[in-house]
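First up is the structure itself, then whatever we jot down about it.
Nothing fancy with the numbering, it's 1 onward along the sequence. Counting convention: from 1, in listed order, for ligands and their atoms alike.
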Amino acid sequence: MLQPLDRAWMEVDLGSLIRNTVALRDRGGVPVIPMIKADAYGLGAEQVAHALESVDPWGYGVATVVEGQALRASGIARPILVFTPLLADELEATYAARLTPTIGSSDELNAWLKFGGVYHLSIDTGMARAGLSWREMESIAAAVALHPPQGAFTHFHSPALDDGSMDVQEERFREALSALPLRPHVLHTDSSAAIVRHGPSPWTAIRPGIFMYGVGCGSTSAIQPLPVVHLRARIVELRWIEPGDTVSYDATWTAPSRRLIATIPLGYADGYPRALSNVGRGLVRESMVAVTGRVTMDMIMLDVTDTGAEIGDVVTMIGSSADHAEHLDAATVAASANMSPYELLTGLRGRLRRIYRGQ
Ligand SMILES: *Cc1c(COP(=O)(O)O)cnc(C)c1O
């Protein structure tokens, strides 16, 4: 529900989040490990995790111990994997919060064994970011024989590209697994684009992120997500300006005729990209309107001439208009800002209240 002080906010549709996740689970054919790192890509990890309990996930994926601690504190009892390498002084807290580290060397494994036993083996098959190289499996074989991992995984670097790299990485992953003294129970490789492109997983779990949050892999792909995030603000001021008048910093937009300009209380400090100055669009009263001039820290101006817009009207800057007739999808908005949709979503920030709907 909107409250009196809500003037710019983010709506998160938990019903669509769940349906997108079920669509991925059906396509992959195995349980999900929802990736809820970075506060669930900016949507709120606690609310997202509790909503996703209904899809019976295998566990959850986060990036840091602090993120995992917050989930535990909110009552999540399933396994929580931490998908970045941990420093030795983080291990005690990892154990205390019953988090599962992802381990990429025998040194890391030995350090972890002083605390806990459960871990997943992180295998690098070409991303060169984290994990043990598929070429160096023998360096950990002896330690793994004594202390077998619960799971093992790799991460694809270009799952959205049709360049054959996913097959190469998958082959390396198989090679790496056969170099282990025994096969771990829980095996997982597929992020959203891999699930969408590959279909049924050959392994035991999938690790989706962005698709759950409403960003798909293009209009031709096998499954399409429902929109989850809607960024909205209310018009707080309106003014008529004359031909030749300019709008905002650096006067980059000049009125070609008499125009009605609306101000909304949303800016780059809320995560609406400054790169959308003179480029971004908004939806108000069934009309698509243009951002005029520079996006400022706290305010954006829009040309709302001939739309009938009034003070207090809601403008949608990402997502669907209230009547669902028009849609500004996050991928398109991000592309116009020269950003990835991941960057756009994770950038939507603190000052925006998150309103959760539709569970
Ligand atoms: C972020 C991440 C994912 C999810 O990727 P999406 O492209 O958002 O589906 C999966 N696995 C790992 C290791 C990740 O870091």
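- For the ring pair (Phe, Tyr, Trp, His ring centres under 6.0 Å) with W58, the lone residue among H188, H185, H120 that qualifies is H120.
- Between the side chains of T296 and R294, no donor-acceptor pair is found at a separation under 3.5 Å.
- A donor-acceptor pair shorter than 3.5 Å cannot be found between the side chains of S105 and D107.
- Between F153 and F83, the angle of the ring planes goes over 60°, which puts this pair in the perpendicular group of the 30/60° scheme.
- For the residue pair S191/R207, the side-chain donor-acceptor check at 3.5 Å is not satisfied.
- Between the side chains of T154 and T125, at least one donor-acceptor pair of N or O atoms lies under 3.5 Å.
- Within 4.0 Å of ligand 1, heavy atoms belong to protein residues M35, K37, Y41, F83, R129, H155, S191, S192, R207, P208, G209, I210, Y342.
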